[in-house]
*Asks:* 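Pasting a structure below so you can have a look.
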Amino acid sequence: CIPESNEANRLNLYRFNEKELKLEQECVLMEHVQAVYPTLIYRDGRWNLFFTQKDFPSVKLYRYVAEELKGDYYPHHAKPVKVDCADARMAGAFIELDGELIRPAQECGRYYGVAVRLNHVDSFTGEQYKETPYDTIKPFAHSKYKQGFHTLNGNDTMTVFDGKRWRFTLSG
């Protein structure tokens with residue numbers, strides 16, 4: 001588990017202690033980085049770490065690579081691998097669907113977390129990373145959380161997502 005920790009200026013890897021039902025720090029993956037929505041994927045014998053950075057959290061997608069889970073992580077030669085204000089920011093773990101790889105991204109064109117855009121990964125090798133838009137998942141129109149949708153995760157038995165709603169209050 002890599003919780004959001006850009007304020008700490010480092011990426012910490014945690015392991016879940018099932019006996020005590022808590023996260024315990026395993027190691028520091030990277031120092032001096034303000035990573036937003038860090039996401040790991042193991043592919044072709046290497047660990048790939050994708051994230052955006054706090055200075056432009058919705059614009060530039062970075063990829064770092066390591067031979068071992070605990071590092072050392074080195075930037076991919078394409079820095080960044082994607083520049084797009086609409087869908088660079090991660091929105092959950094990569095999804096494998098019918099042998100194809102999909103990267104969920106937060107749609108941030110109008111504002112942060114409007115919807116989740118699914119991008120088809122066309123090329124994912126040691127040298128290349130390319131993707132094209134595949135589909136968009138929008139909030140349910142009649143839900144009280146219809147203002148946004150920005151995280152999608154799951155496995156073979158469960159899908160988890162979050163919604164956003166706006167509440168206005170008068171304070172005195």
*Asks:* Flag yes if more than 12 heavy atoms outside Lys164 fall under 6.0 Å of its NZ atom; otherwise flag no.
*Replies:*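 More than 12 heavy atoms, drawn from other residues, nucleotides or ligands, come within 6.0 Å of this atom.
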*Asks:* So, for Gly45 and Glu67, which heavy atoms are closest and what is the spacing to 0.1 Å?
*Replies:* O-OE1, 4.1 Å
*Asks:* What's the separation between atom CG in Leu118 and atom OG1 in Thr136, rounded to the nearest 0.5 Å?
*Replies:*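 The CG atom of Leu118 sits 7.0 Å away from the OG1 atom of Thr136.
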*Asks:* Measure the spacing between CD of Gln34 and CG of Asn9 and express it to the nearest 0.5 Å.
*Replies:*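 It is 5.0 Å, given to the nearest 0.5 Å.
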*Asks:* With hydrophobic residues grouped by side-chain heavy-atom distances under 4.5 Å, do Ile41 and Ile102 end up in a single group?
*Replies:* no
*Asks:* Please round to the nearest 0.5 Å and tell me the distance separating atom CD of Glu31 and atom OH of Tyr73.
*Replies:* 14.5 Å
*Asks:* Begin with the C-alpha distance, continue with both residues' side-chain angles, and end with the deciding distance and a verdict on side chain to side chain contact (heavy atoms under 4.5 Å, CB included) for Leu49 and Leu11.
*Replies:* CA-CA 11 Å; Leu49 177 61; Leu11 279 176; 3.5 Å; yes
*Asks:* Checking side chain to side chain contact (heavy atoms under 4.5 Å, CB included) for the pair Leu61/Arg103: CA distance, chi angles, key distance, verdict?
*Replies:* CA-CA 12 Å; Leu61 179 65; Arg103 184 183 72 88; 3.6 Å; yes
*Asks:* Where the side chain of Arg43 meets the backbone of Gly126, is there a donor-acceptor pair that is under 3.5 Å apart?
*Replies:* no
*Asks:* Is the backbone N or O of Val65 less than 3.5 Å from a side-chain atom of His76, with the two atoms forming a donor-acceptor pair by type?
*Replies:*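 Side chain of His76 to backbone of Val65, a donor-acceptor pair under 3.5 Å: no, none is there.
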*Asks:* Linking I/L/V/M/F/W/Y whenever their side-chain heavy atoms sit closer than 4.5 Å, directly or via other members, would Trp47 and Phe51 fall into one cluster?
*Replies:*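 Trp47 clusters together with Phe51.
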*Asks:* CZ of Arg15: more than 12 outside heavy atoms within 6.0 angstrom?
*Replies:* no
*Asks:* For Asn6 and Val36, indicate whether the former's side chain and the latter's backbone hold a donor-acceptor pair under 3.5 Å.
*Replies:*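 Such a contact is absent between Asn6 side chain and Val36 backbone.
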*Asks:* Quick check: closest heavy atoms across Ala105 and Asn119, and the distance to 0.1 Å?
*Replies:* CB-ND2, 3.6 Å
*Asks:* Which heavy atom of Phe149 sits nearest a heavy atom of Thr151, and at what distance?
*Replies:*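 Scanning both residues completely, I find the closest heavy atoms to be CE1-O, 3.7 Å.
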*Asks:* If you round to the nearest 0.5 Å, how far is CZ of Arg10 from NE2 of His32?
*Replies:*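 Atom-to-atom, His32:NE2 and Arg10:CZ are 9.5 Å apart.
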*Asks:* Taking C-beta and beyond as the side chain, do Tyr14 and Gln25 meet within less than 4.5 Å on heavy atoms?
*Replies:*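 Tyr14 reaches Gln25 side chain to side chain.
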*Asks:* Within the structure provided, determine whether Glu4 and Tyr37 are in side-chain contact (heavy-atom separation under 4.5 Å).
*Replies:*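 Yes, close enough: below the 4.5 Å cut-off.
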*Asks:* Any sub-3.5 Å donor-acceptor pair from Asp122's side-chain atoms to Thr132's backbone N or O?
*Replies:* yes
*Asks:* For Phe50 and Phe124, I'd like to know if the aromatic rings sit close, meaning centre-to-centre distance below 6.0 Å.
*Replies:* yes
*Asks:* Going hydrophobic residue to hydrophobic residue with side-chain gaps under 4.5 angstrom, can you get from Tyr42 over to Tyr62?
*Replies:*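 They do share one cluster, since a chain of ILVMFWY contacts under 4.5 Å joins Tyr42 to Tyr62.
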*Asks:* Are Phe161 and Ile137 connected, step by step, through hydrophobic side chains (Ile, Leu, Val, Met, Phe, Trp, Tyr) whose heavy atoms are closer than 4.5 Å?
*Replies:* yes
*Asks:* Give a yes or no on this: more than 12 heavy atoms of other residues, nucleotides or ligands lie within 6.0 Å of atom CD of Glu18.
*Replies:*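 Open.
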*Asks:* Report yes or no: do Val114 and Tyr145 belong to one cluster of Ile/Leu/Val/Met/Phe/Trp/Tyr joined by side chain heavy-atom distances under 4.5 Å?
*Replies:* no
*Asks:* Does Lys70 pair with Glu68 as a salt bridge, N-O distance under 4.0 Å?
*Replies:* no
*Asks:* Let's go through Gln53 and Lys60 carefully: what are the C-alpha distance in whole Å and the side-chain angles of both, what is the deciding distance for side chain to side chain contact (heavy atoms under 4.5 Å, CB included) to 0.1 Å, and is it a yes or a no?
*Replies:* CA-CA 7 Å; Gln53 292 196 39; Lys60 297 177 182 178; over 6 Å; no
*Asks:* With a 4.5 Å limit on heavy-atom distance, are the side chains of Phe16 and Cys1 in contact?
*Replies:*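 SC-SC contact between Phe16 and Cys1 ruled out.
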*Asks:* Sub-3.5 Å donor-acceptor pair from the side chain of Asn17 to the main-chain atoms of Lys19, do we have one?
*Replies:* yes
*Asks:* Between Pro38 and Ile2, what is the shortest heavy-atom contact and its length?
*Replies:*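 For Pro38 and Ile2, the tightest heavy-atom pair comes out as CG-CG2, 3.6 Å.
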*Asks:* Measure across Gln106 and Met90 and return the closest heavy-atom pair with its distance rounded to 0.1 Å.
*Replies:* NE2-O, 3.2 Å
*Asks:* What's the spacing between Tyr134 OH and Leu97 CG if we round to 0.5 Å?
*Replies:* 5.5 Å
*Asks:* If you compare all heavy atoms of Asn153 against all heavy atoms of Ala93, which two are closest, and at what distance to 0.1 Å?
*Replies:* OD1-N, 2.8 Å
*Asks:* Tell me whether Asp87 is salt-bridged to Lys82, with the criterion being a basic N under 4.0 Å from an acidic carboxylate O.
*Replies:* yes
*Asks:* At what distance, to the nearest 0.5 angstrom, does CG of Leu152 lie from CZ of Arg117?
*Replies:*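 Leu152 atom CG to Arg117 atom CZ measures 14.5 Å (nearest 0.5 Å).
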*Asks:* With a sphere of 6.0 Å drawn around CZ of Phe140, does it hold more than 12 non-hydrogen atoms of other residues, nucleotides or ligands?
*Replies:* no
